[in-house]
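Report on the following structure.
Hydrogens, waters and symmetry mates are skipped; everything else that's a heavy atom, side chains included, is used. The chain is numbered in sequence order, starting from 1.
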Amino acid sequence: MVGSVGQASMDLREKVEPLPEEFDPKEISGPADSAPNGILGSGDGKNREIVLGRNVHKMCFAINEPEADDEVTGEREAYMASVLARYRKSLVERTKHHLGYPYNLDFDYGALNQLQHFSINNLGDPFIESNYGVHSRQFEVGVLDWFARLWELERSEYWGYITNCGTEGNLHGLLVGREVFPDGMLYASRESHYSVFKAARMYRMECIKVDTLVSGEIDCKDFRNKLVQNKGKPAIVNVNIGTTVKGAVDDLDMVIQTLEESGFRDRFYIHCDGALFGLMMPFVKRAPKVTFKKPIGSVSVSGHKFVGCPMPCGVQITRLEHIKVLSSNVEYLASRDSTIMGSRNGHAPIFLWYTLNRKGYRGFQKEVQKCLRNAHYLKDRLKAAGVGAMLNELSSTVVFERPKDEEFVRRWQLACEGNIAHIVVMPNVTIEKLDTFLNELIQKRSSWYEGGKIPSPCLAADIGDENCLCSLHQK
């Protein structure tokens, strides 16, 4: 029999206990270990500790070999049913207290359950059918056409595919850029997603980190200075359509202008990382356009974020002329190898197609307006309670003072970095949910700061003087 892993793992030989009436979420989400378990440079020469999650080996469910009489007793089926029932209860509880990560949890795909019995695999190029017949390319290309129209690229001029996540979109977009300019240097703001710097390591690209403004947006003055220092090599640029922590949108027009004025005309490739806001910005009035009518090379978005898909996925769109530099035919597939992954989830395109058809442009526009409205409500209530907070224009990411209690952070699944935390207001985040969070935060904060006897921290360096409500900056 395979040995169990960790003390909390279940053993089938133990008696299967009935489920408790109320599932205790602490079994899934316990308190953070008080010991420091990570160190990160803060940029000012000092190191700061990072609180990492728990070791999952201590709470995993073991896999054990079936006993000879399992089919007769039904004990294994009862055990697995109890594990799944408890797990489902934990998911319900954790979903109720989810605020820090950009996932739209408001969806219903019951109509697609009938397809879960099939192994749908879109291996190879989405536009060239392979010999494996259980695929969903007809759905995938329909989704890709929709996004190409959104970003104003003709059907005859684009290529794309549905990825397994936003990171894969960045990996592919930057790989295309590297293949177009093999000697190019990668430029990315310091607040770019970690996958951008992962791509630089994977592809052995020289990467230059560009400073940011306090908003999180790329500092084009620093960008210009660094371009001038490296005029001999083409520029491969990552432009953020919503940074990970602050939701800042880089000024695409200014980035293009800076490149051209610095002597890089026709010697640059721009990848737009629009993981979340790439699908929100087209529906925001006065928002600058992300469009292939501008000299950009690729755009990627996540499908499990604003769209709301139950499995991680994404969309990557690039110019057809670029994809030719990294494609090769594979006889085994009777298709072309042009994607990062070989086998690709064939269910994801169907889920995306289903949602795009149900909501359409008008449906997404309504959801974007709701998110922005609720984000402003959250920011205003935080400030009214004396909590420093920042909300970038065009964003639904509210940045505020990091709670002092890691258990509170874990309960609400807040994303934190240094002195700040954030909430990403998604379509499933209601005013009622925000009120519950705010009431808990205000109550907890009173004890953390002893009713005002202990001063709150200064966040001016993180969110700007005008947003900080410490004693020094409070107006």
Under 3.5 Å: donor-acceptor pair, side chain of [X], backbone of [Y]:
X      : Y      : value
Asn419 : Pro457 : no
Ser302 : His304 : no
Ser192 : Ala188 : no
Asn225 : Leu227 : no
Lys433 : His98  : yes
Lys246 : Val214 : yes
Thr318 : Gly297 : yes
Asp251 : Met254 : yes
Arg344 : Asn164 : no
Thr436 : Glu432 : yes

Would you give the length of the straight line joining atom [atom1] of [X] to atom [atom2] of [Y], rounded to the nearest 0.5 angstrom?
X      : Y      : atom1 : atom2 : result
Leu171 : Leu175 : CG    : CG    : 8.5 Å
Met311 : Leu352 : CE    : CG    : 8.5 Å
Asp253 : Lys294 : CG    : NZ    : 3.5 Å
His376 : Ser396 : NE2   : OG    : 10.0 Å
Asp211 : Arg190 : CG    : CZ    : 5.0 Å
His135 : Ser335 : NE2   : OG    : 9.5 Å

Strictly under 6.0 Å, is that where the ring centroids of [X] and [Y] end up?
X      : Y      : answer
Tyr109 : Phe351 : yes
Tyr354 : Phe107 : no
His347 : Phe118 : no
Trp412 : His422 : no

**Message:** With side-chain contact (heavy atoms from CB on, under 4.5 Å) as the criterion, how do Asn467 and Leu459 come out once you've worked through the C-alpha distance, each side chain's angles and the decisive distance to 0.1 Å?
**Reply:** CA-CA 8 Å; Asn467 296 309; Leu459 301 179; over 6 Å; no
Check this for me: [X], atom [atom1], are more than 12 non-hydrogen atoms of other residues, nucleotides or ligands nearer than 6.0 Å?
X      : atom1 : answer
Gln116 : CD    : yes
Asp266 : CG    : no
Glu393 : CD    : no
Lys226 : NZ    : yes
Lys209 : NZ    : no
Lys404 : NZ    : no

Is there a donor in the side chain of [X] and an acceptor in the side chain of [Y], or the other way round, less than 3.5 Å apart?
X      : Y      : result
Gln413 : Tyr103 : no
Asn170 : Asp273 : yes
Ser338 : Asp125 : yes
Glu152 : Thr291 : yes

**Message:** Go through it in stages, so that I can follow the logic: the residues are Arg319 and Trp159, the test is side-chain contact (heavy atoms from CB on, under 4.5 Å), and I'd like the CA-CA distance, side-chain angles, deciding distance and then a yes or no.
**Reply:** CA-CA 6 Å; Arg319 298 179 187 273; Trp159 183 91; over 6 Å; no
Would you name the heavy atoms of [X] and [Y] that are closest together and state the gap between them?
X      : Y      : answer
Gln316 : Ser300 : OE1-CB, 3.4 Å
Gly346 : Ser136 : O-OG, 2.5 Å
Leu252 : Val290 : CD2-CA, 4.5 Å
Ile463 : Ala389 : CD1-N, 3.7 Å
Ser215 : Asn392 : O-ND2, 2.9 Å
Cys416 : Val409 : SG-CG1, 3.7 Å

Do [X] and [Y] make a side-chain contact, defined as non-hydrogen atoms from C-beta onward lying under 4.5 Å apart?
X      : Y      : value
Val176 : Tyr269 : yes
Tyr194 : Thr244 : no
Val315 : Thr163 : no
Gln369 : Gln365 : yes
Asp405 : Lys444 : yes

Strictly below 4.0 Å, N to O, side chains only: are [X] and [Y] in salt-bridge contact?
X      : Y      : value
Arg381 : Asp435 : yes
Glu440 : Arg411 : yes
Lys359 : Glu367 : yes
Arg149 : Asp145 : no
Glu260 : Arg265 : yes

**Asked** How far apart are the C-alpha atoms of Val429 and Val424, what are their side-chain angles, what is the distance that settles it, and do they pass the side-chain contact (heavy atoms from CB on, under 4.5 Å) test?
**Response** CA-CA 9 Å; Val429 177; Val424 186; over 6 Å; no
**Request:** Take Ser298 and His271 through the side chain to side chain donor-acceptor pair (under 3.5 Å) test and state the conclusion after the steps.
**Result:** CA-CA 5 Å; Ser298 51; His271 170 69; 2.8 Å; yes
**Prompt:** Should the pair Lys305 and Phe277 be classed as cation-pi, given the thresholds of under 6.0 Å to the six-membered ring centre and 45° from the axis?
**Reply:** no
**Cation-aromatic face contact Arg267/Phe264, 6.0 Å, 45 degrees** = yes
**Request:** Give me the one residue out of Asn240, Thr243, Thr212 that meets side chain to side chain donor-acceptor pair (under 3.5 Å) with Ser189.
**Result:** Asn240
**Item:** Of Phe147, Phe127, Phe292, Trp151, the residue whose pairing with Tyr158 passes ring pair (Phe, Tyr, Trp, His ring centres under 6.0 Å)
**Value:** Phe127
**Asked** Passes ring-ring contact (aromatic ring centres under 6.0 Å, His included), His97 versus Phe437? Steps please.
**Response** CA-CA 8 Å; His97 294 93; Phe437 166 79; over 10 Å; no
**Request:** May I have the step-by-step check of side-chain contact (heavy atoms from CB on, under 4.5 Å) for Val387 and Lys383, ending in yes or no?
**Result:** CA-CA 5 Å; Val387 182; Lys383 285 195 165 185; over 6 Å; no
